[in-house]
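A quick write-up on the structure given underneath.
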Amino acid sequence: MKRFIALLRGVNMFGKNKVTMAELKQVFENLAFSDVKTYLNSGNVLFSCNEDDTLLLTERIETAIKAQFGAAVPVFVIATERLEAILKAAPSWWGTGDKAIYDTLIFIMPPATVSDVLFEFGEPKEGLERVMECGDALFWSYSRTDYQKTNWWSKTATTPIAPKLTIRTANTVRKLVEL
């Protein structure tokens, strides 16, 4: 069996797309996935199955979530081993624990690509944010105090590609791999 992580976009934020983790876990178990665990209240689900096709898994999960919760929730599915490889490729400036910096990993949901994101967001603002591509993800770090001055901050929520992104902190991503 292969281990996967499903990252749900935009659940339990600002009173929208309310999803209880207990019900979400049940949805995954009803899909015949095993070893299902949720982490935090923001839609992080670990599970095992024999399927290899992440796009097929994504479709199955999104369909089941819509049936259960009545909301179209975008989902990004990644094999745990793939996420481990991404973390091993992290730049030295990412995830250092510097409290002045906010370190995140941006996951890009197909059919969107890294090129699409870079085209819509433009260059990161020098001195305030850093970005590095790694497959279907982007390492992004930015100043906690000056985040509103960055080039990317507002674009993660306002550009046409924003619905195809889901973002997690360095700590969350590392914990998901640990689990």
Side-chain angles (χ1 to χ4, degrees), residues 3-21 24-25 28 36-47 54 58 61 65 73-110 112-114 116-118 120-121 123-159 161-179:
R3 193 80 172 142
F4 293 92
I5 301 167
L7 306 173
L8 283 64
R9 183 184 190 283
V11 297
N12 300 330
M13 293 179 61
F14 314 110
K16 293 184 180 181
N17 294 334
K18 290 186 179 186
V19 174
T20 68
M21 294 304 104
L24 183 60
K25 181 179 181 194
F28 276 70
V36 178
K37 293 181 185 174
T38 61
Y39 178 67
L40 299 176
N41 198 37
S42 55
N44 304 296
V45 185
L46 296 101
F47 65 98
T54 56
T58 299
I61 294 165
I65 289 171
V73 175
V75 176
F76 180 82
V77 176
I78 187 168
T80 304
E81 64 188 24
R82 173 70 185 124
L83 185 53
E84 288 171 345
I86 289 171
L87 289 177
K88 285 180 184 172
S92 60
W93 47 260
W94 187 85
T96 64
D98 181 346
K99 299 294 182 199
I101 303 297
Y102 201 68
D103 297 306
T104 63
L105 194 54
I106 301 173
F107 297 94
I108 304 159
M109 299 176 191
T113 65
V114 167
D116 297 333
V117 175
L118 296 174
E120 286 199 38
F121 285 12
E123 292 294 320
K125 191 169 269 186
E126 194 171 331
L128 294 179
E129 59 189 332
R130 296 173 111 177
V131 173
M132 188 187 99
E133 174 184 347
C134 187
D136 50 5
L138 291 160
F139 291 98
W140 176 39
S141 297
Y142 54 92
S143 166
R144 283 185 187 263
T145 56
D146 295 321
Y147 68 91
Q148 291 176 322
K149 296 178 186 175
T150 68
N151 187 37
W152 281 36
W153 174 258
S154 66
K155 294 176 181 177
T156 61
T158 61
T159 59
I161 200 159
K164 287 295 188 182
L165 309 176
T166 190
I167 303 171
R168 299 297 188 274
T169 66
N171 290 340
T172 297
V173 173
R174 287 180 175 144
K175 185 65 176 180
L176 287 170
V177 168
E178 274 179 34
L179 294 172

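Note that the numbering runs from 1 along the sequence shown for the chain.
- With Val75 as the fixed residue, the side chain to side chain contact (heavy atoms under 4.5 Å, CB included) test singles out one of Ile61, Thr54, Val45: Ile61.
- Atom CD of Glu81 is surrounded by 12 or fewer heavy atoms from other residues, nucleotides or ligands within 6.0 Å.
- Judged by distance alone, the side chains of Thr172 and Arg174 never bring a donor and an acceptor atom under 3.5 Å apart.
- By the 4.5 Å heavy-atom criterion applied to side chains, Leu105 and Leu83 are counted as neighbours.
- Between the Lys125 side chain and the Lys149 main chain, a donor and an acceptor come within less than 3.5 Å of each other.
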Step-by-step side chain to side chain donor-acceptor pair (under 3.5 Å) determination, Arg82 to Thr80: CA-CA 5 Å; Arg82 173 70 185 124; Thr80 304; over 6 Å; no
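- Asp116 contributes a side-chain N or O that, together with a main-chain N or O of Thr113, makes up a donor-acceptor pair within less than 3.5 Å.
- Here the CZ atom belonging to Phe121 is positioned 7.5 Å from the CH2 atom belonging to Trp140, to the nearest 0.5 angstrom.
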Tyr142/Trp153 under ring-ring contact (aromatic ring centres under 6.0 Å, His included): CA gap, chis, key distance, verdict: CA-CA 9 Å; Tyr142 54 92; Trp153 174 258; 5.6 Å; yes
Check against side chain to side chain donor-acceptor pair (under 3.5 Å), Lys175 and Asn171: CA-CA 6 Å; Lys175 185 65 176 180; Asn171 290 340; over 6 Å; no
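- For the pair Trp152 and Val131, the tightest heavy-atom approach, listed with the atom from each and the gap, is CH2-CG1, 3.5 Å.
- A distance of 9.0 Å separates CG in Asp98 from CZ in Arg144, rounded to the nearest 0.5 Å.
- Summarising the geometry, atom CG belonging to Leu87 is positioned 8.5 Å from atom SG belonging to Cys134; distances are rounded to the nearest 0.5 Å.
- When all heavy atoms of Ser141 and Ile101 are compared, the pair lying nearest together is CB-CG2, 3.7 Å.
- Within the 4.5 Å cutoff, no side-chain heavy atoms of Thr58 are placed close to those of Phe76.
- Between Glu133 atom CD and Phe139 atom CZ the span is 11.0 Å, to the nearest 0.5 Å.
- Panel note: side chain Glu120, backbone Ile161; a donor-acceptor pair is recorded below 3.5 Å.
- The two residues Glu129 and Asn151 have their closest heavy-atom pair at OE2-N, 2.5 Å.
- A donor-acceptor pair is defined here as one N or O able to donate and one able to accept, closer than 3.5 Å; no such pair exists between the side chain of Asn44 and the backbone of Thr38.
- The number of heavy atoms from other shown groups lying within 6.0 Å of NZ (Lys37) does not exceed 12.
- Put simply, the side chain of Phe107 does not reach to within 4.5 Å of the side chain of Val77, judged on heavy atoms.
- The distance from atom CG of Leu24 to atom CG of Asn41, rounded to the nearest 0.5 Å, is 10.0 Å.
- Residues Trp93 and Met132 meet the side-chain proximity criterion, which asks for heavy atoms closer than 4.5 Å.
- Nearest heavy-atom pair, Arg9 versus Pro163, reported as atom, atom and distance to 0.1 Å: CD-O, 3.4 Å.
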